[in-house]
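Worksheet for the structure shown next.
Given the structure is predicted, the values throughout are model-derived calculations rather than measurements.
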Amino acid sequence: MEKETPEPEAPATFLRDDEAASPDSPRARFERMIRRVQADVCAKLEAVEGGGGAQFGEDAWTRPGGGGGISRVLQGGRVFEKAAVNVSVVYGVMPPEAYRAARPEAAAAAGGEKAGPVPFFAAGLSSVIHPVNPFAPTMHFNYRYFETEVPKDSPGAPRQWWFGGGTDLTPSYIIEDDVKHFHAVQKQVCDNFDPSFYPRFKKWCDDYFYIKHRGERRGVGGIFFDDLNDYDQETLLRFTTECADSVLPAYIPIIERRKDTPFTEEHKAWQQLRRGRYVEFNLVYDRGTTFGLKTGGRIESILVSLPLTARWEYDHKLEAGTEEWKLLDTCINPKEWI
C-alpha cells in the first residue's frame, strides 16, 4: 500500500475523481456520513471538557493512488485521558493472508483455492474514548464499508461488499443504570430495523471481544456485526448511519454523571489493570488492528486506540464480592442487561 502524504487540511472528499462525480453512490454517502459523525463527536467531547480544556488535534493525509483520512486525537484532558476519532477512505490491495483474515468464511467457501492479491476499497469511522475517572467507562465504536474491487469473481476471492461495526462499553466498575442505558440505546436502534438484530449483535459482541488467553471479555459489550450483506445496501447504509448517530446519546449521559465522581488511588490502579486487558485484546485479537498491520496501514491510526497508560501486576488476585470482582465476574459471565 502506498505511504500517506501529510496534508495541511483535509480535502472535500478522499474518493477518486471518477467516484466523487457520483454523490449518491454508497461510497460517497458513507464517506459523508463518517465525516459528519466525526465532527459531531469531537465537538461534543470538547464541550464536555469545558472551556480551557483539552482540544482535538488533527492530522489529515492522502495517498497518491486515491484515498486518505483524518485523525483527530485529544490527550491529557480534564475529563478524557485520551480520545481518538478517526476516519479513513482507503484503496489498496490485500495480500492473500489479509483476505483470509478479513473474510475467513469466503476463503473457506473457495474450497481450498487460495486467492491472489485482492484490490479493495474501505471506508471507516473508528473511535476509542478513555476517560480519566475510573467510574467513567471507556467506549469504542467503529463503522465501516468494504468492497473488493476485482473486476469479476476471481479464484478464491469473489467480488463482494459488506458493512461492519459496533459500539461497546468497557467500564472498570459496574454501575447497572449506566450499562442498562447504554444497551437500551443499542436495542432501540436495532429494533428500528429488525427485532432480531439486537440479540444477534449483542451475542456477537460478547463473543468477539473475548480475551481467550484470559478467559474473559474486554467489557460489558454492546453490539457488533461484521461481513453484513444479507440486506440490500440502502437498508444497511441507513442502519449503520443510525448506529453511528446513536453513539452520543448512548455515552454522553453516562460521562456527565460519572466524570466528577470522587475516586482513590486504588480505584485508579484497578482502572489501569483493566486497560491492560484492553491493550491485550487490541494487539492480539482485534481484526481491524491485524488487518491494518498486514496491509501496511498508517501505524499511528492503527494504534491510536491504545490508552496513554496501562498496568500489569504479576499474579493479581481479587477478593470475592468486591466491586472489582463484580466487574471481572461480569466479563467472565456476560449478562442480559435489558
Side-chain angles (χ1 to χ4, degrees), residues 1-15 27 29-46 48-49 54-63 66-77 80-92 102 120-131 138-146 163-168 170 222 224 226 240-241 243-248 251 278-279 281-283 286-308:
M1 185 180 289
E2 298 167 312
K3 288 299 181 182
E4 64 274 356
T5 300
E7 300 290 348
E9 62 181 36
T13 179
F14 291 110
L15 297 175
R27 294 185 182 191
R29 292 170 64 194
F30 195 85
E31 184 197 18
R32 289 197 301 273
M33 182 274 284
I34 61 178
R35 292 181 69 165
R36 173 184 60 79
V37 174
Q38 181 190 44
D40 292 346
V41 171
C42 290
K44 188 61 180 178
L45 296 184
E46 286 183 346
V48 172
E49 274 288 320
Q55 302 287 300
F56 279 90
E58 177 177 298
D59 291 331
W61 48 276
T62 58
R63 289 205 170 102
I70 306 168
S71 297
R72 291 182 179 169
V73 180
L74 179 157
Q75 297 184 124
F80 303 109
E81 179 185 278
K82 183 179 181 184
V85 191
N86 296 345
V87 297
S88 62
V89 176
V90 178
Y91 300 84
F120 71 89
F121 167 88
L125 163 70
S126 182
S127 175
V128 178
I129 304 166
H130 295 292
T138 287
M139 184 186 67
H140 158 262
F141 67 92
N142 175 289
Y143 292 98
R144 55 196 176 274
Y145 176 65
F146 199 101
F163 291 85
T167 305
D168 64 279
T170 306
F224 176 86
D226 208 357
T240 53
T241 298
C243 286
D245 283 333
S246 74
V247 164
L248 291 175
Y251 188 57
Y278 206 95
V279 171
F281 176 85
N282 282 27
L283 292 182
D286 184 69
R287 285 175 64 178
T289 301
T290 56
F291 176 81
L293 294 174
K294 288 178 180 177
T295 57
R298 185 174 185 265
I299 193 67
E300 290 297 328
S301 298
I302 295 168
L303 299 182
V304 76
S305 65
L306 303 182
L308 282 185

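- Looking at E49, its side chain does come within 3.5 Å of a backbone N or O of F80 through a donor-acceptor pair.
- Considering only heavy atoms from C-beta on, V87 stays 4.5 Å or farther from V37 through its side chain.
- Side-chain contact check for F141 versus Y251: every heavy-atom pair is 4.5 Å or farther apart.
- The shortest distance between side-chain heavy atoms of R36 and D245 falls below 4.5 Å.
- In this structure, E7 CD and W61 CH2 are separated by 11.0 Å, a value rounded to the nearest 0.5 Å.
- Taken to the nearest 0.5 Å, the CG atom of D40 stands 11.0 Å off from the CG atom of L45.
- For the atom pair OG1 (T289) and CG (L303), the distance works out to 7.0 Å, reported to the nearest 0.5 Å.
- You'll find the side chain of S88 stays beyond 4.5 Å of the side chain of F14, heavy atoms only.
- Atoms CD1 and NZ, from I302 and K294 in turn, are 12.5 Å apart once rounded to the nearest 0.5 Å.
- Without hydrogens or angle criteria, E31 side chain to A123 main chain gives no donor-acceptor distance under 3.5 Å.
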Inset, instruction - Assess whether side-chain hydrogen bond (donor to acceptor under 3.5 Å, both in side chains) is satisfied between Y143 and T241, documenting all intermediate values. - result: CA-CA 9 Å; Y143 292 98; T241 298; over 6 Å; no
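- A ring-centre distance under 6.0 Å is not found for H140 and Y278.
- Summarising the geometry, atom SG belonging to C243 is positioned 11.5 Å from atom CG belonging to N142; distances are rounded to the nearest 0.5 Å.
- Using the six-membered ring where Trp is involved, F146 and F291 have ring planes that are perpendicular, over 60° apart on the 30 and 60° scheme.
- Annotation: side chain of V90 is in contact with side chain of F120 (closest heavy-atom distance under 4.5 Å).
- Not a single donor-acceptor pair under 3.5 Å links the side chain of E46 to the backbone N or O of Q55.
- For the pair P6/D59, no side-chain contact is recorded, criterion being any heavy-atom separation below 4.5 Å from C-beta on.
- Summarising the geometry, atom OH belonging to Y145 is positioned 10.5 Å from atom CZ belonging to R29; distances are rounded to the nearest 0.5 Å.
- The main-chain N or O of R63 is never found under 3.5 Å from a side-chain atom of T5 such that the two would form a donor-acceptor pair.
- Without hydrogens or angle criteria, R35 side chain to A12 main chain gives a donor-acceptor distance under 3.5 Å.
- Using a 4.5 Å heavy-atom cutoff, the side chains of S71 and R298 are in contact.
- Screening E81, K82, H130 against Q75 for a side chain to side chain contact (heavy atoms under 4.5 Å, CB included) leaves a single residue, K82.
- Counting only heavy atoms from C-beta outward, the side chains of V128 and T138 approach each other to under 4.5 Å.
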